[in-house]
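Structure record follows, encoded as structure tokens.
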Number of protein chains: 2
Amino acid sequence: MARQARALATRQAVLLAAAEVFDERGYAAATMSEILDRAGVTKGALYFHFRSKEELALAVIEGQGAWIATWAPSSDSPVQTLIDLGYAFAHALLDDPMLRGSIRLTIEHGSFTQPQIAAYQGWTDLVHTLLERARDAGDLHPGIDLAAAAAVITGAITGIQLSSQVLAERRDLIKRMADLWTLLLPGLVQPHALARLSVAERADS
Amino acid sequence: MARQARALATRQAVLLAAAEVFDERGYAAATMSEILDRAGVTKGALYFHFRSKEELALAVIEGQGAWIATWAPSSDSPVQTLIDLGYAFAHALLDDPMLRGSIRLTIEHGSFTQPQIAAYQGWTDLVHTLLERARDAGDLHPGIDLAAAAAVITGAITGIQLSSQVLAERRDLIKRMADLWTLLLPGLVQPHALARLSVAERADS
DNA sequence: GGTAGGATACCTACTGGACGGTATGCGCCC
DNA sequence: GGGCGCATACCGTCCAGTAGGTATCCTACC
């Protein structure tokens, strides 16, 4: 697997361009030509690295896994970490074309079905783990169904992000995220824990 | 505008088939041929009623407006009505292909941008109105930002529905809706009002 | 350290098919 | 009998993917 540095660079260029185009047009409406142009690469180069349009899309979707993998807890408090995760995700959506394309492809449950489920599951698992820690810390209301709460939270964030994109090109995404936590947290965490949380975005990571 | 009955029938057949195909494949991946086949109609008939693929899609999106227009409040309590609206929407998503296609097209912020915003806005306005009534009835926490809450609720329902579709083909949609209300309501309504609500689906409409 | 030779990385031109849309014609209801 | 409603055949375009060639790099042997 001793690849050349140049090869890795073009591969990355293709991935980035593909993520951008997929994000803007969606899978079916995206054309290889536009990806080619934007990457500054020829067809031969692209099809050397990716055997088909679908394989390219799958590689873009994989970007989510990479993002999750590099993410690190930001606080001792699990719930605060969950809130911060939401904001980190929001900022990544605003800044990182790779994640944007990945998210759009995931949301478009289209021809390829399996990997989307994996991507969704990755987020839900992450949230679920944080909720478990919060429960063990005694921060949550007793009797909360963690799996249900994790599914609702990931689903809600998905929808918030989507509606913010359609209605305002994500300009109000951060505010919408704050609004979501304001509404959700009272049903999730106990008052004593709620008092210690910063619902608005915090200064540090 | 005295149209023939037959014409209206084929127009409806085309709309229904289009909604189904758009729902299953998305706008770009949907082909006119498949819509034609499923509607049992020829190209000439379709293009007599709709001048282009885009115009057909817009007509499908309009189905949402029709659904909202026919919907009627189910309870004296505004919040209960809001909850019931969520379940009614969920059932319509499970049963009504027209609404399904319309929702998918709305979610796919694609080539045509304007009407999606209108569709989103229709839902948000409806929720906003119900929240206003709830506030006037003294059911909500004081100081709640109604516009923000309306945006979060519609966004969250959008996302719940979407993740339920991707992960479980909407099989757990009703449960997810119940989970959402369980989490959301404590942050929205005051305890005395919460006690009177039925979060789970009710027997009547 | 120079070069043979194979593998890696990339380029260009092309193809086959599908797709949205149109032109034209024809029967049937009012 | 005229226009509404539909049928059929056709067209130009565009797109994913491929064929086949070329350049660039790495390794190894002398």
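Letters A, B, ... are given to chains in the order of the sequence lines, protein chains preceding strands, and every chain is numbered from 1.
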Inset, instruction - Would you mind classifying the nucleic acid contact of B/Ala30 as base, sugar-phosphate or nothing, using non-hydrogen atoms under 4.0 angstrom? - result: sugar-phosphate

Taken to the nearest whole Å, CZ/B/Phe50 to P/D/dC6 is 11 Å

To the nearest angstrom, the CD-C1' distance between B/Gln12 and D/dG5 comes to 16 Å

Here the distance between atom C1' of D/dG17 and atom CZ of A/Phe48, to the nearest Å, is 17 Å

Considering only heavy side-chain atoms of B/Ala45, the closest of C/dG21, D/dA16, D/dA7 is D/dA7

Check: What nucleic acid atoms does B/Thr31 come within less than 4.0 Å of, heavy atoms only: base, sugar-phosphate, or nothing?
Finding: sugar-phosphate

| field | Pair A/Trp123 + A/Phe89: ring centers closer than 6.0 Å | value | yes

Considering only heavy side-chain atoms of A/Lys43, the closest of D/dG17, D/dC15, D/dA9 is D/dG17

Atom CG of B/Leu56 and atom P of C/dG21 are separated, to the nearest Å, by 10 Å

To the nearest angstrom, the NZ-C1' distance between B/Lys53 and C/dG20 comes to 8 Å

- prompt: Reckon A/Thr10 has a side-chain N or O less than 4.0 Å from the OP1 or OP2 of C/dC10?
  reply: yes

*asked:* Whether A/His49 contacts C/dC10 is assessed here as follows: a side-chain N or O lying under 4.0 Å from the phosphate OP1 or OP2. Is that the case?
replied: yes

A/Leu46 CG to C/dT12 C1', in whole Å, measures 15 Å

query: Under 6.0 Å from the CD atom of A/Glu34, do we count more than 12 heavy atoms belonging to anything else shown?
result: yes

Applying side-chain hydrogen bond (donor to acceptor under 3.5 Å, both in side chains), run through A/Gln64 and A/Thr106 and close with a yes or a no. CA-CA 9 Å; A/Gln64 258 172 101; A/Thr106 303; 2.6 Å; yes

Would you say CG of A/Asp95 has more than 12 non-hydrogen atoms from neighbouring residues, nucleotides or ligands within 6.0 angstrom? yes

Whole-Å distance, B/Tyr47 OH to C/dT24 P, equals 18 Å

The nucleotide from D/dA16, C/dT22, D/dT8 with an atom nearest the side chain of A/Met32 is D/dA16

Open item on the list: Counting only heavy atoms from other residues, nucleotides and ligands, does the tally under 6.0 Å from CD of A/Glu169 exceed 12?
Closed with: no

When rounded to whole Å, the CD1 to C1' distance for the pair A/Ile35 and D/dG17 reads 14 Å

